[in-house]
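Please read the structure below before turning to the comments.
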Amino acid sequence: MRGAFDVAIVGSGFAGSLLALVARRLGRSVVLLEKGSHPRFAIGESTSPLANLLLEELATRYGLPRIRPLAKWGSWRRAYPEVGCGLKRGFSFFHHAEGRPFADAPDRRDQLLVGASPNDEVADTHWYRPEFDHFLLKEAEEAGAQYVDRTTLSGVTREKDRWILTGERAGAGFTFEASFLVDASGRSGALHDALGVRRSVPLVPPTQGLFTHFEGVRRLDEMGVPGGPGIPPYPVDDAAVHHVFPGGWIWVLRFHNGVTSAGVAASDAFAETASLSLGETAWRRLLDRFPTIREQFEGARRTVPFVHSPRLAFRVDCAAGPGWALLPSAAAFADPLLSTGFPLALLGMHRLAEALEKDFGTPRFDTRLAAYGAITLEEADRAARLVAALYGALGDFPLFVELSKLYFAAAHFSESARRAGRPDLAGTFLCGSHPEFGPALDACCRAALAPRDARGRERLLADVARSVALVDLAGLLDTSRRNWFEAAANDMRRAFV
Ligand SMILES: Cc1cc2nc3c(=O)[nH]c(=O)nc-3n(C[C@H](O)[C@H](O)[C@H](O)COP(=O)(O)OP(=O)(O)OC[C@H]3O[C@@H](n4cnc5c(N)ncnc54)[C@H](O)[C@@H]3O)c2cc1C
C-alpha cells in the first residue's frame, strides 16, 4: 500500500474522523490510520452546550448537513435512531457521606442541579461512542478519506516538508506520504516519540479511574432522590450524574439503548485505599461505602470489562510544530469532571480547519500551527487548574458548589456569546481571554489550592462570587434558587443583542 496525501491523521476516534471529514470538504486528500477497528468501546461520552454548539458550527461552516442533527437530542433521534445516544438535560451533583444514605436538606446543601437545555428537543447528549465514532468514520470514508484500520505504524520521518509514514497491515507493508500530520490518537499519543514531544507535569493532582458500561442501573428519581419539596429543573437522571464524596466522584450516564456508562475518578490516595486496580471487586467495595449509590447499582450487570486507568491526567510540553499538530485530546487531559474533553477537542478542530481552509500550502500555515499549539496547552491548563481546585474541595461540598459555578458561568457565557454572533466576547475556553474573568478565574483556582483558615475560606467564597458575577447570565448567584438552576435559554439575548 502506497499513497501521497495532503493530510495524514493517526487515530479514528470521533475527533480524527471528524477532522478527516472536514479536511475532505475543504478539498484536501486524507489518509486516516487506525490501529484497531470499529465499532469499539471508547470512554468520554458526555457533551455540553458549548460542545454541541461547536459541532453545529463546524457542520454549518463546512457543509456537513448529515452531521448537524447530531448536535441535539431531538434531531439526532429522528435522523439516526440506530446510533446510540443519551439525553443530557444538565449536570446533576449529589454529595455523599460514607455509610449514610443521601438525604435532602432544606437548603439543598448536598446537591447541585444545573440545567443545560430548556427541553428534550434541543438537549445535549451522551455519545454512545461505539456507534457514534463508527458513524463519523463512515461519513469520512464516504467523503473520500482513505481509511486503513488494524495498522501498526513503525516509522514516521520527515523528508523535505513531507512526512513519510511506514508500517504494516495484515502482514503487508504500507508507505504513506503527507504534508500535514495529525496525532488524533487521544491519550495513546501515538506520535509523541516520533515528533519529539515529551510528557510534562499536568496541573491536576494525580488521579486514577475505573469504569465500564452496565445494564440495569436504576434511576435516582425512581428511588426518591433528590427528594424534598419542589420539582427539579429537569429529570435528574437525564443528565450527567456526579456522585461526589471526599477523595473522588462517580459518574453515571444513561444511553437510550439501556446501557449506562459509569465509573469513578479519585485521587491517588483514595484510589490506593479503595484498591481501584482490582477492578470489579474494588467497584463493589466502593459502592458498599455509599448506600444510595449501592442501591442505584443493585441488580446492574456490566456489559464490557472494567478498565482501570492508573493515571487519568496527562499533558505534553508542545502541541504543534512545522507540519504537525496534536489534537487537544492527544495533548492533555485533566478529568471527566466537567465534560471539558469534547469542547476542547472541538475548539481545536475549528482552529485546524480554519488553518487548512485559509493557509494550507503557504508559509502562514506553520505560523497558525504554532499559535494553535500554544492556545491548546493554555486552554488545557486552565481546565486543569479548575479541576484541581474542585478536587481540593471534594471534602467541602458547599465550596465545591461555588467553585463549580466558575465553570458554569464561563461555559454559559461563551455559549451565549457565540449564539449571539459575538464569539469575540467568548474568546478562549472558560472565558480565559475575558480581560477581567480570565485572571479572576486563575486567581480563584490558585487560592482554592492554597492552605487557608475559616476566614481565608470566607474570602475565597467572596472572590469566587465576585468572579462569577463578571460573566453570570444564569442567575448562579441567586441563593433563593437553593442550588437548582434552570437552563436560562433567553438570557443571552438580553445580554448581547
Ligand atoms: C475516564 C474518562 C472519561 C471521560 N469523560 C469525558 C466526558 O464525559 N466528556 C468529555 O467531553 N470528555 C471526556 N473524556 C475525554 C474524552 O475521552 C476525549 O476527549 C475523547 O475521547 C477524545 O477523542 P479522540 O477521538 O481524540 O480520541 P480517542 O477516542 O481516544 O480515539 C483515539 C483513536 O486512536 C487510535 N489509536 C491509538 N493509538 C494508535 C496508533 N498507534 N495508530 C493508529 N491509531 C491509534 C485508537 O484506537 C482510537 O480509535 C473522558 C476521558 C476519560 C479518560
Side-chain angles (χ1 to χ4, degrees), residues 8-20 31-52 54-55 86 88 91 124-127 129-130 132-134 136-137 140 147-156 165 167-169 174 182-194 207-212 239-242 249-253 261-266 276 306-314 326-349 380 383 387 411 429:
I9 300 175
V10 175
S12 68
F14 94 91
S17 293
L18 194 53
L19 185 66
V31 63
L32 181 58
L33 303 180
E34 167 61 48
K35 80 169 178 194
S37 62
H38 288 271
R40 52 96 175 95
F41 174 86
I43 197 66
E45 294 146 329
S46 194
T47 67
S48 66
L50 180 60
N52 281 311
L54 290 164
L55 184 65
K88 179 173 180 179
F91 292 75
D124 295 326
T125 52
H126 310 306
W127 297 341
R129 299 285 300 275
F132 180 73
D133 288 17
H134 198 190
L136 291 179
L137 169 69
Y147 172 59
V148 192
D149 67 358
R150 302 188 183 89
T151 54
T152 304
L153 189 61
S154 52
V156 179
L165 281 73
E168 70 164 38
R169 179 190 195 269
F174 65 74
V182 179
D183 188 341
S185 68
R187 61 192 302 108
S188 308
L191 301 180
H192 288 181
D193 289 345
T207 52
Q208 301 182 25
L210 178 67
F211 47 86
T212 187
V241 172
H242 304 65
W249 66 283
I250 285 172
W251 68 86
V252 184
L253 311 172
S261 172
V264 56
L276 288 193
F306 271 89
V307 178
H308 172 241
S309 172
R311 187 59 70 242
L312 282 177
F314 76 95
L326 310 183
L327 287 191
S329 37
F333 177 67
D335 196 85
L337 189 55
L338 300 171
S339 303
T340 51
F342 296 158
L344 286 171
L346 286 156
L347 280 165
M349 271 184 263
V387 163
F429 189 55

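No hydrogens, no waters, no symmetry mates; every other heavy atom, side chains included, goes into these values. Indexing begins at 1, ligand by ligand and atom by atom, following the structure's order.
In terms of N/O distances under 3.5 Å, ligand 1 is not approached by D133. Between L327 and ligand 1, no pair of N/O atoms sits closer than 3.5 Å. For ligand 1, the polar-atom distance check finds an N/O of E34 within less than 3.5 Å of one of the ligand's N/O atoms. Considering backbone and side-chain atoms together, F211 places no N or O closer than 3.5 Å to any N or O of ligand 1. The shortest N or O to N or O distance between H38 and ligand 1 is not under 3.5 Å.
Counting heavy atoms under 4.0 Å from ligand 1, residue L33 touches it through the backbone alone. Of all the heavy atoms of S329, the ones lying under 4.0 Å from any atom of ligand 1 belong exclusively to the side chain. Counting heavy atoms closer than 4.0 Å to ligand 1, residue S188 contributes side-chain atoms (C-beta onward) but none from N, CA, C or O.
Here is the list of ligand 1 atoms found below 4.0 Å of a heavy atom in V10: 42 (N), 43 (C). For ligand 1, the atoms lying closer than 4.0 Å to a non-hydrogen atom of W251 are 1 (C). In summary, the atoms of ligand 1 found under 4.0 Å from a heavy atom of S46, numbered by their order in the structure, are 7 (C), 8 (O), 9 (N), 10 (C), 11 (O). Numbered from 1 in the order shown, with element, the atoms of ligand 1 that lie under 4.0 Å from a heavy atom of P336 read 1 (C), 2 (C), 3 (C), 4 (C), 5 (N). Less than 4.0 angstrom separates some heavy atom of E45 from each of these atoms of ligand 1: 6 (C), 7 (C), 8 (O). Contact atoms of ligand 1 toward A15: 24 (P), 25 (O), 26 (O) (distance under 4.0 Å to a heavy atom of the residue). Taking every non-hydrogen atom of G341 and a distance limit under 4.0 Å, the qualifying atoms of ligand 1 come out as 10 (C), 11 (O), 12 (N), 19 (O).
Side-chain N or O atoms of H308 include none that pairs as donor or acceptor with a backbone N or O of F211 at under 3.5 Å. Looking only at distances, no side-chain donor or acceptor of T47 sits under 3.5 Å from a matching main-chain atom of A51. Checked by atom type and distance alone, the side chain of D183 pairs as donor or acceptor with a backbone atom of L191 at under 3.5 Å. Without hydrogens or angle criteria, S46 side chain to H126 main chain gives no donor-acceptor distance under 3.5 Å. Remark: side-chain polar atoms of S329 are not paired, donor with acceptor, to backbone N or O of G186 under 3.5 angstrom. In this structure a side-chain-to-backbone donor-acceptor pair under 3.5 Å is missing from H134 to S37. Checked by atom type and distance alone, the side chain of H242 never pairs as donor or acceptor with a backbone atom of W249 at under 3.5 Å. Using modelled atom types, no side-chain atom of Q208 and backbone atom of S309 make a donor-acceptor pair closer than 3.5 Å.
For atom 44 (N) of ligand 1, the closest heavy atom belonging to the protein is K35 N, 3.0 Å. In terms of protein heavy-atom proximity, atom 52 (C) of ligand 1 is nearest to F333 CZ, 3.6 Å. The protein non-hydrogen atom at the shortest distance from atom 13 (C) of ligand 1 is G44 CA, 3.5 Å. Nearest to atom 21 (O) of ligand 1 among the protein's heavy atoms is R129 NH1, 3.0 Å. Summary of contacts: the protein heavy atom closest to atom 36 (N) of ligand 1 is S185 CB, 3.8 Å. At the top of the distance list for atom 40 (C) of ligand 1, counting protein heavy atoms only, stands A190 CB, 3.6 Å. For atom 11 (O) of ligand 1, the closest non-hydrogen atom of the protein is F342 N, 2.7 Å.
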(request) Walk me through it: do L54 and L347 pass the test side chain to side chain contact (heavy atoms under 4.5 Å, CB included)? (result) CA-CA 7 Å; L54 290 164; L347 280 165; 3.8 Å; yes
(message) For a side chain to side chain donor-acceptor pair (under 3.5 Å) check, start with the C-alpha distance between S261 and E45, then their side-chain angles and the critical distance, and finish with the verdict.
(response) CA-CA 8 Å; S261 172; E45 294 146 329; 2.5 Å; yes
(request) Begin from the C-alpha positions of I43 and R129 and carry the test side chain to side chain contact (heavy atoms under 4.5 Å, CB included) through to its verdict. (result) CA-CA 7 Å; I43 197 66; R129 299 285 300 275; over 6 Å; no
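Nearest residue to atom 33 (C) of ligand 1 from S309, G13, A330 is G13 (criterion: closest heavy atom). Closest heavy-atom approach to atom 17 (O) of ligand 1 among the candidates L210, I43, T151: I43. Selection from G186, G348, A240, P343 by nearest heavy atom to atom 30 (O) of ligand 1 gives G186.
Proximity of A184 to ligand 1 is established by a heavy-atom distance of less than 4.0 Å. Under a 4.0 angstrom heavy-atom cut-off, L153 registers as lying outside contact with ligand 1.
A salt bridge between R169 and D149 is present, with a side-chain N of the basic residue lying under 4.0 Å from a carboxylate O of the acidic one.
With sequence neighbours excluded, no residue satisfies side chain to side chain donor-acceptor pair (under 3.5 Å) with R187. For R311, the salt bridge (Lys or Arg N to Asp or Glu O under 4.0 Å) test picks out D268, with sequence neighbours left out.
Tested against L32 for a side-chain contact (heavy atoms from CB on, under 4.5 Å), the candidates V148, L137, T151 yield a single pass: L137.
Below 30°, between 30° and 60°, or above 60°: for W127 and F132 the angle between ring planes is below 30°, a parallel geometry.
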